[in-house]
Amino acid sequence: MKFRILGSLFLSSSLILAACGNGSDSGNKSEKKDETKSSSQVVKDLQSNAKDVKSYHTDNNIKVSAKDQEGQAVKVGMDVDEKETAKLNMDQAGQKMTIYVQGKKMLAKVDDQWVDLSSQIENMNIDSSLDQLNYEKYAKTLSAFKDAKAKKVDDGYELTYNIKNKEDFTKLANASGNKDQLKQFKSQVDKVSGKAILKVNKDNEIDSYKLNAKLTKDDETANMKTNVTYDKLNDVDEIKIPDEAKDAKKIEDLQNVLNYNDFVKCMLAWGYGSSL
């Protein structure tokens with residue numbers, strides 16, 4: 001089915017976003033102008049502050065559903081330390097795995113089996129996503145929110161980016177740098193509508209990112225919901241890859257043992273990072 005194929009793409013795209021100035025505060029007339037920042041200023045302050053963030057934790061939840069088809073869901077919890085070593089705990093359709101990423105090395109534990117995925121990083125189109133393990137670089141991908149509408153809340157700001165068409169969505173995703181996925185997305189989707197909300201706290205840190213979008217191809221429609229949260233900034237201990245992972249078998253040698261297609265699909269859903 002069309003949306004079974006699209007589902008994996010949407011999951012990967014949303015985690016990569018998981019990743020949008022003139023967004024005005026004019027809607028809140030009761031507040032003084034000098035007390036409320038524009039969306040452009042909120043993003044600039046966030047990006048400026050990001051250079052001081054060396055480690056963090058993030059949780060990503062993505063759901064894709066289409067009429068008369070089984071929905072897809074991915075949950076990813078990820079820690080990144082000061083050396084940009086990452087540990088991820090993933091759950092897709094009940095298939096759980098733990099993944100370690102260190103430079104160009106990627107090791108995963110699935111069903112008590114350690115697998116070396118390092119050779120597949122380029123094939124799975126997540127090179128640009130790995131680059132975003134750096135919090136500062138990830139913050140730079142949020143520039144599209146400079147065009148969002150800013151709302152001051154008790155503990156910071158909410159920036160709402162309205163998605164009226166496919167162009168709005170691709171503008172939001174462009175900063176990910178993954179041109180191949182964007183090209184595929186444009187060819188497989190006719191219409192997109194929805195909104196993305198970026199919440200930034202008083203300390204100019206990413207608090208959460210939510211995306212709710214409807215995607216249409218021909219006469220079929222899929223709904224995608226993404227919820228990403230950040231915490232433990234500069235409070236993640238050094239991540240060490242377990243000793244037993246040194247005996248990991250290369251994925252090419254296990255394609256007849258593991259459900260390789262589902263495994264790669266799950267990795268694409270990470271897209272992170274995923275988002276993830």
So, do Thr36 and Tyr157 sit near enough that their side-chain heavy atoms are less than 4.5 Å apart?
-> yes
Let me see the working for Thr226 and Lys210 under side-chain contact (heavy atoms from CB on, under 4.5 Å), right down to the final yes or no.
-> CA-CA 5 Å; Thr226 300; Lys210 294 183 179 181; over 6 Å; no
Report the C-alpha distance between Lys83 and Glu238 in whole Å, list the side-chain angles of each, state the deciding distance to 0.1 Å, and finish with yes or no for side-chain contact (heavy atoms from CB on, under 4.5 Å).
-> CA-CA 8 Å; Lys83 296 180 181 179; Glu238 180 182 359; 3.7 Å; yes
Can you check whether Glu167's main-chain N or O pairs, donor with acceptor, with Asn165's side chain at less than 3.5 Å?
-> yes
So OG of Ser208 and CG of Leu198: to nearest 0.5 Å the spacing works out to 7.5 Å
Between the NZ atom in Lys195 and the CG atom in Leu211, the distance rounded to the nearest 0.5 Å is 11.5 Å
Under the criterion side chain to side chain contact (heavy atoms under 4.5 Å, CB included), which of Leu142, Val53, Asn201 is the partner of Ile206?
-> Leu142
Backbone of Val200 reached by a side-chain donor or acceptor of Asp207 within 3.5 Å = no
Judged by atom type as modelled, is there a donor-acceptor pair below 3.5 Å linking the side chain of Ser118 to the main-chain atoms of Met106?
-> yes
Under 3.5 Å: donor-acceptor pair, side chain of His57, backbone of Met78 | yes
side-chain contact (heavy atoms from CB on, under 4.5 Å) assessment of Gln102 paired with Ile241 | CA-CA 9 Å; Gln102 189 176 68; Ile241 298 177; 3.8 Å; yes
Do Ser39 side-chain atoms and Lys146 backbone N/O form a donor-acceptor pair below 3.5 Å?
-> yes
Quick check: does any side chain N or O of Tyr100 sit under 3.5 Å from a backbone N or O of Lys109, one acting as donor and the other as acceptor?
-> no
In this structure, are over 12 heavy atoms from other groups packed under 6.0 Å from Lys166 atom NZ?
-> yes
With the side chain counted from C-beta on, respond yes when Thr229 and Thr58 share a heavy-atom pair under 4.5 Å apart, and no when they do not.
-> no
Basic-acidic side-chain contact under 4.0 Å: Lys199, Asp155 = yes
Are Trp114 and Leu117 connected in the hydrophobic side-chain network, where two residues link if heavy atoms are under 4.5 Å apart?
-> no
Report the C-alpha separation of Glu158 and Lys152 in whole Å, then their side-chain angles, then the decisive distance to 0.1 Å, and conclude whether the side-chain contact (heavy atoms from CB on, under 4.5 Å) test is met.
-> CA-CA 6 Å; Glu158 284 186 355; Lys152 190 174 182 180; over 6 Å; no
Any ion pair linking Lys54 and Asp81 (charged N to carboxylate O, less than 4.0 Å)?
-> no
Selection residues 41-51 - residue pairs positive for side-chain hydrogen bond (donor to acceptor under 3.5 Å, both in side chains), sequence neighbours left out | Lys37-Asp45, Gln41-Asp45, Gln47-Ser143
If you group Ile, Leu, Val, Met, Phe, Trp and Tyr by side-chain heavy-atom gaps below 4.5 Å, do Ile163 and Tyr209 land in one group?
-> yes
May I ask you to decide if the ring planes of Tyr135 and Tyr230 are parallel, tilted or perpendicular, using 30° and 60° as cut-offs?
-> perpendicular
For the residue pair Val64 and Ala222, what are the closest heavy atoms and their distance?
-> CG1-CB, 4.5 Å
First locate atom CD of Glu82, then atom CD1 of Ile239, and finally report the distance between them rounded to the nearest 0.5 Å.
-> 11.0 Å
Can you hop from Val110 to Leu107 via hydrophobic side chains spaced under 4.5 Å?
-> no
Does some side-chain heavy atom of Thr221 sit less than 4.5 Å from a side-chain heavy atom of Lys214?
-> yes
Would you indicate whether the side-chain heavy atoms of Ile99 and Met90 approach each other to under 4.5 Å?
-> yes
Which atom pair, heavy atoms only, marks the closest approach of Asp168 to Tyr161?
-> O-OH, 2.8 Å
CG on Asp79 to CG on Asp237, rounded to 0.5 Å | 9.5 Å
Is any side-chain heavy atom of Lys191 less than 4.5 Å from a side-chain heavy atom of Leu215?
-> no
Would you say the side chain of Val74 lies within less than 4.5 Å of the side chain of Gln72, judging by non-hydrogen atoms?
-> no
Would you say the side-chain atoms of Lys202 pair up with the backbone N or O of Asp154, donor to acceptor, closer than 3.5 Å?
-> yes
For Thr98 and Asn89, test the side chains for any donor-to-acceptor distance below 3.5 angstrom and give the result as yes or no.
-> yes
Does Asp203 use its side chain to pair, donor to acceptor, with the backbone of Glu205 at less than 3.5 Å?
-> no
Can Val101 be reached from Val236 by stepping across I, L, V, M, F, W or Y side chains whose heavy atoms are under 4.5 Å apart?
-> no
Ala248 to Asp116 - nearest heavy-atom pair and separation = CB-N, 3.8 Å
Compare all side-chain heavy atoms of Asp190 with those of Asp218 and state whether any distance is below 4.5 angstrom.
-> yes
Side chain to side chain, Glu136 and Asp52, heavy atoms closer than 4.5 Å | no
Say whether, by atom type as modelled, one donor and one acceptor occur between the side chain of Ser55 and the main chain of Asp235 under 3.5 angstrom.
-> yes
